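Any value given below was found using the heavy atoms of this structure, including those in side chains, with hydrogens, waters and symmetry copies removed. This structure is a prediction, so every number in the text was calculated from the model and none was measured.
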Amino acid sequence: MTGGWQRVRRGRGRPRRRPGCAVLAALLVAAAASGCAAGDGDPGAARGAKPQAGREGGPAEPVAGALGTRAAQAEKAKLAQAARAVAAKKWGLAGPPLAAPVPPAKKPHLTTRKGFEVEGQDDSLPPVFTRVPTKDKVVFLTMDDGGDKDPELLKMMSELNIPYSAFLSDYLVRDDYTYFKDAQARGVALHNHTLNHRYLPGLSYEEQKHEICGQQDVIEQQFGKRPRIFRPPYGNYNTDTLKIAKSCGITAVPLWEAEAFPDRMEWRGEDQDLHPGDIILTHFRGKEEWKGSMPDLIRSVMKVVTDKGYAVARLEDYV
């Protein structure tokens, strides 16, 4: 059985200062500084903390420490959202992206979506799903392949603080691993989308193993971490696909509920709407293949997401 779907204009004279960029940079620095002020360890370890009664040199009062930490976190969140608002204007978004809630302390239990099972399906195989079970009003943005390597995308997503996950096919990525190392350094998680983007159910067991496990090896060698999440090309797979994926370290197989393009959204569901936990698919493509650039795509998809009251969360915080 097969599852799934088939620049700034340059004028003459002296360059003008760009106050929006300066404000954005200042807000980003302030947000980072606020995070440092909150501290990473025991709040009572701060210099000058008041010892507990009867315990000379003991930690500070826990309630006061917790309140201080929460206040610092709230201030950091406020500054981060202000920076997002400035960045949204800079990048031409209709409005600032909404902030995602705190990730769950325990990740949701994932199961294979009904109708997406394979022959011999059991709980030992990685689950195949199109939506993460959550009540949080969040969606997840995922990008496949790796053909278009637009540096503006990296800057845009960093300044807007929009998380996304990349599913890479080596035949499109190998000409510039540095681009995705930069993305990784900015917080993008890199996952497996096979070596050559072939139709897996049409391959032998050994050919599938080469495509899936071979890409596991490449990502580990190039980026230092072996993926645990895998998406089959075209969303097509069979029993061998899931068994092989499991054998080389895959624990989850997310597909998608909606697909984003620069000029439209395509929906899996009949209601053509977003739901909590929906996974959105798009691709690393540009004007050569689309009617728009990667930043155009982000402007389009974020208008839909934000207008519907959703925030983009980090897939790896839930899966």
Decide whether [X] and [Y] are clustered together by the hydrophobic rule: side chain heavy atoms of Ile, Leu, Val, Met, Phe, Trp, Tyr closer than 4.5 Å, transitively.
X	Y	value
W267	L297	yes
Y205	I250	yes
V312	L153	yes
L172	L154	no

Would you name the heavy atoms of [X] and [Y] that are closest together and state the gap between them?
X	Y	value
P97	R84	O-NH1, 3.3 Å
P254	I279	CB-CD1, 3.7 Å
V138	A313	CB-CB, 3.8 Å
K114	E117	CA-OE2, 3.5 Å
L110	P133	CD2-CD, 3.6 Å
G146	V173	CA-CG2, 4.2 Å

[X] side chain near [Y] side chain, heavy-atom distance below 4.5 Å:
X	Y	value
L315	V132	yes
Y237	L255	yes
K246	P126	yes
V139	E257	no
R131	R268	no
Y310	I280	no

**Asked** So I298 and L141, side chain to side chain contact (heavy atoms under 4.5 Å, CB included) or not? Walk me through it.
**Response** CA-CA 10 Å; I298 298 303; L141 184 59; 4.2 Å; yes
Let me check something: any side-chain donor-acceptor pairs from residues 211-229 under 3.5 Å, sequence neighbours excluded? List them with distances.
residue	atom	partner	partner atom	Å
E211	OE1	L195	N	3.3
E211	OE1	N196	N	2.8
E211	OE2	N196	ND2	2.9
Q215	NE2	L168	O	2.7
Q216	OE1	N192	ND2	3.1
Q216	NE2	P227	O	2.9
Q216	NE2	C248	O	2.8
D217	OD1	R226	NH1	2.9
D217	OD1	R226	NH2	3.2
E220	OE1	R226	NH1	2.9
R226	NE	C248	O	3.4
R228	NH1	V319	O	3.1
R228	NH2	V319	O	2.6

Would you find a donor on one side and an acceptor on the other, under 3.5 Å apart, between the side chain of [X] and the backbone of [Y]?
X	Y	result
S204	E207	yes
T112	V128	yes
Q81	L79	no
E259	L281	no
T239	E119	yes

**Message:** Applying salt bridge (Lys or Arg N to Asp or Glu O under 4.0 Å) as the test, list every pair that has at least one member in residues 183-204; sequence neighbours left out.
**Reply:** D182-R186
**Request:** Could you check whether the rings of Y234 and Y199 sit parallel, tilted or perpendicular, using 30° and 60° as the cut-offs?
**Result:**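 Rings of Y234 and Y199: tilted, 30 to 60°.
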If the condition is side chain to side chain donor-acceptor pair (under 3.5 Å), which residues does [X] pass it with, not counting sequence neighbours?
X	answer
S124	D122
D170	R174, Y177
D176	none
T194	none

Show me the side-chain donor-acceptor pairs of residues 299-306 shorter than 3.5 Å, one per line, residues at least two apart or across chains.
residue	atom	partner	partner atom	Å
R299	NH1	W91	O	2.6
R299	NH2	D296	OD1	2.7
S300	OG	P262	O	3.3
K303	NZ	D307	OD2	2.8
T306	OG1	M302	O	2.8

**Message:** I'd like to know if K155 and E152 make a salt bridge, using a cut-off of under 4.0 Å between side-chain N and carboxylate O.
**Reply:** yes
**Message:** Enumerate the ring pair (Phe, Tyr, Trp, His ring centres under 6.0 Å) contacts for residues 269-289, please, sequence neighbours excluded, ordered by first and then second residue.
**Reply:**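 For residues 269-289: F180-F284.
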**Asked** Could you give all pairs that pass the ring pair (Phe, Tyr, Trp, His ring centres under 6.0 Å) test and reach residues 122-175, with sequence neighbours left out?
**Response**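 Applying ring pair (Phe, Tyr, Trp, His ring centres under 6.0 Å) to every pair that reaches into residues 122-175, excluding sequence neighbours, yields F140-Y318, F167-H191.
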**Worked verdict on T142 versus R231 for side-chain hydrogen bond (donor to acceptor under 3.5 Å, both in side chains)** = CA-CA 10 Å; T142 64; R231 176 178 286 158; 3.0 Å; yes
**Request:** Could you please spell out the steps behind the side chain to side chain contact (heavy atoms under 4.5 Å, CB included) verdict for V188 and M143?
**Result:** CA-CA 10 Å; V188 178; M143 299 187 191; over 6 Å; no
Do other residues, nucleotides or ligands put more than 12 heavy atoms under 6.0 Å from the [atom1] atom of [X]?
X	atom1	value
D123	CG	no
K243	NZ	no
K89	NZ	no

Just verifying a value: how many Å separate [X] [atom1] and [Y] [atom2], rounded to the nearest 0.5 Å?
X	Y	atom1	atom2	result
T134	K107	OG1	NZ	13.0 Å
D150	M156	CG	CE	10.0 Å
S165	D144	OG	CG	10.5 Å
T241	Q208	OG1	CD	3.5 Å

**Which residues share a salt bridge (charged side-chain N to carboxylate O under 4.0 Å, His left out) with D148, sequence neighbours left out** = none
**Sequence-distant partners of K149, salt bridge (charged side-chain N to carboxylate O under 4.0 Å, His left out), two or more places apart** = D175
**Fill in**
Excluding L98, membership of its hydrophobic cluster (Ile, Leu, Val, Met, Phe, Trp, Tyr; side-chain heavy atoms within less than 4.5 Å) reads none
